[in-house]
Amino acid sequence: LQSPRAQVAGPPSQPHPPYIHTRSRPHSHPAASTPHQSRDRAPSPPRFHRHHPARPPPPPAMQSLLVPTAAACAAPSASRPRPARVSVRASASAAAAAPPRRETDPKKRVVITGMGLVSVFGNDVDAYYDRLLAGESGVGPIDRFDASKFPTRFAGQIRGFSSEGYIDGKNDRRLDDCLRYCIVSGKKALESAGLALGSDAMAKIDKARAGVLVGTGMGGLQVFSDGVQNLLEKGYRKITPFFIPYAITNMGSALLGMDIGFMGPNYSISTACATSNYCFYAAANHIRKGEADVMIAGGTEAAIIPIGVGGFVACRALSQRNDDPKTASRPWDKERDGFVMGEGAGVLVMESLEHAMKRGAPIVAEYLGGAVNCDAYHMTDPRADGLGVSSCIRQSLQDAGVAPEEVNYINAHATSTLAGDLAEMNAIKQVFKDPSGIKVNATKVLYCPAFVT
């Protein structure tokens, strides 16, 4: 099960917005993460965007997005090179022949204008981020069910979740948590982007060119588990008619799309903990191809139930550090013993730069490019040399128009498994000539920042 990971990169000397590059990861685990973007970039004066005389200049937060890089200035704006094809037999030092070229067309440049989430730290993005920066852990003992007989008895379990104001009471009682998390995080992302339901800005959106792409690795697992139990204990007549609709993976996107009236591309992707990054990549490509102006994209998961925890225990993938759950996820540590399950949802609003500027949207970051691939090796174990990962990183950088030397931070997959951590580091070392100054950590674990050496 191939799992990409997002990396946020910022050149050390230029005031570009943060870069988000999707790349593949060869492990499969349930949580997908979205790195937070820095907001302290210094604005730069516009140099290529022409404003109508009657239109006021854009706010300073947007002006830095109008400046193409030196690489982009040297490149024709009408065309965009495809990532170089990388052979599995290619040497680790093989690089794309053409220099990186950055997109300059405002219709094809993709920006992030809103963020929404449901998490162990609540549903507010700023409060969530503050607690991450403080190094807090949301992992603790499972109390949703009796886990005393499980070898792993802890997880990142959400407590006290409320959908009030976002889902009506009747539907809220029927929905699987996976769907509830999706709908709440999606609507909060729209609010963050200045597109709250009922607002004038939302009314002006062309709904036929606005889509939803929220994926999930496991889908409505609680609804599925309850349906199987009812079948075995009471017969098929006791299976809820919502069993199939609420269990399939695309229902989160579908319900959210119906609630907000978005009629553009609407589907889901299921690639384990790769899911959210695949969705970001696909959503950005819909915008780049001119198929959509706005996309809601991300992932949702709610698998902390007996069958979910038991399934991962059977895979021998979970940490069993029950005496110290808050530091159980410890990638690159010699005592690492597996990953920690979590649940929640993370959603972004992605738009073309042109569309975002026309409506005066708050711009958080710019998505420059990405890539997806497969190492064609094993269901869970990565290639030891990391070739599948390193080739995907190269394709991602080429697509984004970013040179390896510009990258100073990587958000790793960080599975806390022996094979996964080593393969990931091997891949990073293959791509970056001098990785000693690159900071590496992961959303899954906060206590262990590292430098690649």
Side-chain angles (χ1 to χ4, degrees), residues 15-20 34 36-69 72 77 102-117 124-126 129 166 185-213 256-257 259-265 280 283-284 286-298 347-368:
H16 301 310
Y19 312 145
I20 301 178
T34 304
H36 264 274
Q37 314 304 323
S38 171
R39 305 191 190 190
D40 57 355
R41 303 286 179 180
S44 303
R47 297 192 301 189
F48 80 95
H49 187 83
R50 294 184 178 180
H51 296 284
H52 192 278
R55 183 184 303 165
M62 297 184 192
Q63 293 183 16
S64 62
L65 291 175
L66 302 178
V67 184
T69 63
S77 61
R102 198 162 298 172
E103 183 63 73
T104 59
D105 185 349
K107 294 182 179 180
K108 296 181 179 180
R109 291 175 68 180
V110 180
V111 294
I112 297 165
T113 58
M115 301 180 289
L117 59 77
D124 180 81
V125 169
D126 291 334
Y129 194 40
Y166 295 94
S185 61
K187 291 182 178 180
K188 291 186 78 68
L190 287 172
E191 291 175 354
S192 171
L195 295 173
L197 295 184
S199 66
D200 291 340
M202 187 63 163
K204 295 177 182 178
I205 294 291
D206 184 351
K207 304 299 193 299
R209 293 185 53 80
V212 184
L213 211 176
L256 180 57
D259 270 6
I260 62 180
F262 280 13
M263 300 172 65
F280 298 145
H286 282 300
I287 296 171
R288 284 174 162 182
K289 293 177 181 178
E291 299 168 349
D293 298 321
V294 182
M295 291 292 298
I296 299 174
V347 173
L348 302 178
V349 175
M350 306 176 76
E351 302 182 50
S352 70
L353 176 60
E354 180 182 68
H355 187 270
M357 293 190 63
K358 282 183 177 179
R359 69 178 191 86
I363 295 178
V364 180
E366 181 174 8
Y367 171 100
L368 292 184

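Since we're looking at a predicted model, the values are computed, not measured.
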**Item:** Residue pair Ala297 / Met350: nearest heavy atoms and the distance that separates them
**Value:** CB-SD, 4.1 Å
**Heavy-atom pair with the smallest gap, counting every atom of Pro362 and Ala193** = CD-O, 3.7 Å
**Asked** Do Leu256 and Val347 come close enough that some side-chain heavy atom pair is under 4.5 Å?
**Response** no
**Prompt:** Are the charged groups of Arg288 and Glu103 less than 4.0 angstrom apart, N to O?
**Reply:** no
**Asked** Which pairs count as side chain to side chain donor-acceptor pair (under 3.5 Å) when at least one residue sits in residues 198-212, sequence neighbours excluded?
**Response** Arg209-Asp293
**Asked** Where do Tyr166 and Lys187 come nearest, in terms of heavy atoms and distance?
**Response** O-NZ, 2.7 Å
**Message:** Could you measure the distance from the OG1 atom of Thr113 to the CG atom of Leu348? Nearest 0.5 Å is fine.
**Reply:** 9.0 Å
**Item:** Worked check of side-chain contact (heavy atoms from CB on, under 4.5 Å) between His286 and Val110
**Value:** CA-CA 10 Å; His286 282 300; Val110 180; over 6 Å; no
**Asked** Where do Ala284 and Tyr367 come nearest, in terms of heavy atoms and distance?
**Response** CB-CE2, 3.4 Å
**Asked** Taking the side chain as C-beta and beyond, is there a heavy-atom pair between Leu197 and Met202 under 4.5 Å?
**Response** yes
**Message:** Any non-hydrogen side-chain atom of Tyr129 less than 4.5 Å from a side-chain atom of Met115?
**Reply:** no
**Asked** Just wondering, are more than 12 heavy atoms of other shown residues or ligands nearer than 6.0 Å to CE in Met263?
**Response** no
**Prompt:** Can you tell which of Lys108, Arg359, Lys358 makes a salt bridge (charged side-chain N to carboxylate O under 4.0 Å, His left out) with Glu351?
**Reply:** Arg359
**Prompt:** Which heavy atom of Gly194 sits nearest a heavy atom of Ala201, and at what distance?
**Reply:** O-CB, 3.3 Å
**Request:** State, to 0.1 Å, how close Ala356 and Val111 come at their nearest heavy-atom pair, and which atoms those are.
**Result:** CB-CG2, 3.8 Å
**Request:** Compare all side-chain heavy atoms of Glu354 with those of Ile287 and state whether any distance is below 4.5 angstrom.
**Result:** no
